[in-house]
Protein chains: 2
Amino acid sequence: MDPLKAKYNYREHLQPFAVFNEDEWALFCTYMEFVSLKKKEYFIEAGKVCNHFGFINKGSVRYFHMANDGTDITGYFSFENEFMSSYKSFVKREPANNYIQALEDTELILISYKSMQEMLACEKLGHKMERFGRLIAEYYLCCYDDRITAFITQSPEERYIKLLESGRDILRRMPQHYIANFLGITPVSLSRIRRRILV
Amino acid sequence: MDPLKAKYNYREHLQPFAVFNEDEWALFCTYMEFVSLKKKEYFIEAGKVCNHFGFINKGSVRYFHMANDGTDITGYFSFENEFMSSYKSFVKREPANNYIQALEDTELILISYKSMQEMLACEKLGHKMERFGRLIAEYYLCCYDDRITAFITQSPEERYIKLLESGRDILRRMPQHYIANFLGITPVSLSRIRRRILV
DNA sequence: TGTATTTCTTATCTTAAGATAACGTTTTCT
DNA sequence: AGAAAACGTTATCTTAAGATAAGAAATACA
């Protein structure tokens with residue numbers, strides 16, 4: 001990973017949430033950690049407290065839950081230039097109930113919880129970081145809202161069609177059995193829906 | 001409604017999100033609007049932009065979506081001492097896709113979007129309000145996260161049992177056919193689940 | 001109080017989803 | 001290149017959910 005390019009990219013994708021002047025940016029940069037995950041490596045595992053808030057510079061990750069019988073259930077995906085964390089665990093400081101795993105070799109820029117608290121508390125960045133945190137949380141709140149609305153107002157088939165229409169990377173880059181869980185159904189069921197739609 | 005008591009109650013329930021000194025509180029109070037809704041009145045209707053963030057001092061509300069065929073689908077409930085808004089619409093300044101309706105005579109303390117922006121921009125309250133907004137959004141993000149996890153990892157029956165165990169007011173105070181939608185199923189289906197569980 | 005409305009359950013029928021297994025294909029790994 | 005693992009589809013069987021209608025019980029209301 002090239003930290004210089006990664007930082008530049010990060011700064012650009014932070015724009016909607018926080019715009020830093022040079023001074024602030026320099027300070028913000030001192031809190032960054034650059035981490036690479038090999039395919040199948042974990043960013044977080046259930047039972048552990050998630051200590052980092054991440055930005056995906058390159059690659060993709062899968063969020064999943066482990067059922068009692070050992071099967072895993074995919075909850076979400078994130079791709080390059082998106083943020084990533086086991087939010088609830090990160091925010092509440094409690095053990096995560098999910099795993100986040102790299103689906104390909106992935107480059108991350110991380111901010112630790114401790115760093116975040118320091119920035120929130122510091123004179124120079126505090127106000128801006130509160131706003132950053134607010135805008136990020138609001139952004140994801142809206143995404144989650146859409147997701148819940150889809151679950152209560154649409155059938156699995158309708159949800160799949162919406163996903164098709166959305167043109168998101170998910171369909172192109174994710175195995176179908178992961179997408180199935182994401183839609184709240186089994187892989188077999190998704191395969192049947194696909195067949196039905198073809199007609 | 002007694003605005004004095006309502007303000008006192010609001011301040012108490014804001015504690016986890018924002019603690020104001022007397023000065024700040026006095027200023028914050030100048031932005032409050034006190035509104036009462038009669039049973040079945042709407043706080044927001046689909047198609048309109050939600051201009052207020054509310055606190056329920058007394059009463060309860062139901063969030064619902066209107067399907068194409070005119071049936072309504074309940075998405076959520078909020079009770080006294082909880083916050084309430086059509087968040088996505090409020091945050092993104094776009095028309096709401098849902099309705100929020102009073103289920104009984106309800107007392108609200110509202111902050112308009114404009115007031116919120118003024119407070120966020122003001123010297124005295126800005127920093128604190130950013131934090132307030134962040135903590136509120138994070139709080140609801142966690143709730144939504146749980147809800148989505150339930151949809152992808154649990155069966156309707158399991159979701160109902162969890163709701164039973166949670167001891168939330170929903171079961172005691174809401175008609176069953178509203179709860180059914182909330183769980184992502186039809187009222188008939190919930191009735192069958194209840195019967196099954198009784199055995 | 002009496003009527004209307006809402007709410008919940010039950011029954012029937014239809015449709016779809018879950019569980020499981022088998023099979024061919026593709027991908028991964030060494 | 002060859003073996004192993006992962007992936008997607010299909011078939012069968014079972015179970016549960018949706019749609020619809022009817023009726024009883026509870027509630028609202030005028």
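Letters A, B, ... mirror the listed sequences (proteins, then strands); counts begin at 1.
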TODO: Taking only the side-chain nitrogens and oxygens of B/Arg196, find out if one of them lies under 4.0 Å from OP1 or OP2 of D/dA17.
DONE: yes

TODO: Spell out, as yes or no, whether a donor-acceptor pair under 3.5 Å connects the side chain of B/Ser85 to the backbone of B/His52.
DONE: yes

Open item on the list: By nearest heavy atom, map B/Ser155 and A/Lys40 onto DNA chain D; which one lands nearer the 5' end?
Closed with: A/Lys40

Task: Test of ring centre spacing under 6.0 Å for A/Phe83 and A/Tyr139 - done: no

TODO: Name the closest nucleotide to the B/Val188 side chain, picking from C/dT10, C/dT7, D/dG8.
DONE: C/dT10

Task: Minimum-distance nucleotide (side-chain atoms of B/His177 versus C/dT7, D/dA19, D/dG8) - done: C/dT7

Task: Contact check, side chains of A/Tyr178 and A/Phe77, non-hydrogen atoms, under 4.5 Å - done: yes

- [ ] Starting at atom CG of A/Asn181, determine the distance to atom P of D/dC7, rounded to an integer number of angstrom.
- [x] 12 Å

Task: Spacing between A/Ile197 atom CD1 and D/dT9 atom P, to the nearest angstrom - done: 12 Å

- [ ] Name the nucleic acid region contacted by A/Ser191, choosing base, sugar-phosphate or nothing; use a 4.0 angstrom heavy-atom cut-off, strictly under.
- [x] base

TODO: Output yes when at least one side-chain N/O atom of A/Thr186 is less than 4.0 Å from OP1 or OP2 of C/dA17, else no.
DONE: no

- [ ] Starting at atom CD of A/Glu104, determine the distance to atom P of C/dC29, rounded to an integer number of angstrom.
- [x] 13 Å

- [ ] Starting at atom OH of A/Tyr160, determine the distance to atom C1' of C/dA17, rounded to an integer number of angstrom.
- [x] 17 Å

Open item on the list: Quick check for you: among C/dA17, D/dG18, D/dG8, whose closest atom lies nearest to any side-chain atom of B/Ser189?
Closed with: D/dG18

Open item on the list: Rounding to an integer number of Å, can you tell me how far B/Ile185 CD1 sits from C/dA17 P?
Closed with: 16 Å

Task: Nearest non-hydrogen partners of B/Met1 and B/Ser36, listed with the distance - done: CE-OG, 3.8 Å

Task: Presence of B/Gln176 side-chain N/O under 4.0 Å of C/dT9 phosphate oxygens OP1/OP2 - done: yes

Task: B/Phe55 side chain reached by B/Glu82 side chain, heavy atoms, under 4.5 Å - done: no

TODO: Find the distance A/Ile179:CD1 to D/dT9:P and express it as a whole number of Å.
DONE: 11 Å

- [ ] Please state how far atom CZ in B/Phe151 lies from atom P in D/dA17, giving the value in whole angstrom units.
- [x] 14 Å

Open item on the list: Please confirm whether the shortest side-chain N or O distance from A/Arg192 to OP1 or OP2 of D/dT9 is below 4.0 Å.
Closed with: no

Task: Side chain of A/Arg194 (C-beta onward), nearest among C/dA19, D/dC7, D/dT9 - done: D/dT9

- [ ] Determine the contact category for B/Pro156: base if any of its heavy atoms lies under 4.0 Å from a base atom, sugar-phosphate if only primed atoms, P, OP1 or OP2 are that close, otherwise nothing.
- [x] sugar-phosphate

- [ ] Rounded to the nearest angstrom, tell me the gap between atom CG in A/Leu171 and atom C1' in D/dC7.
- [x] 16 Å

Open item on the list: Can you work out whether B/Leu190 or A/Ile193 has the more 5'-proximal nearest nucleotide on DNA chain C?
Closed with: B/Leu190

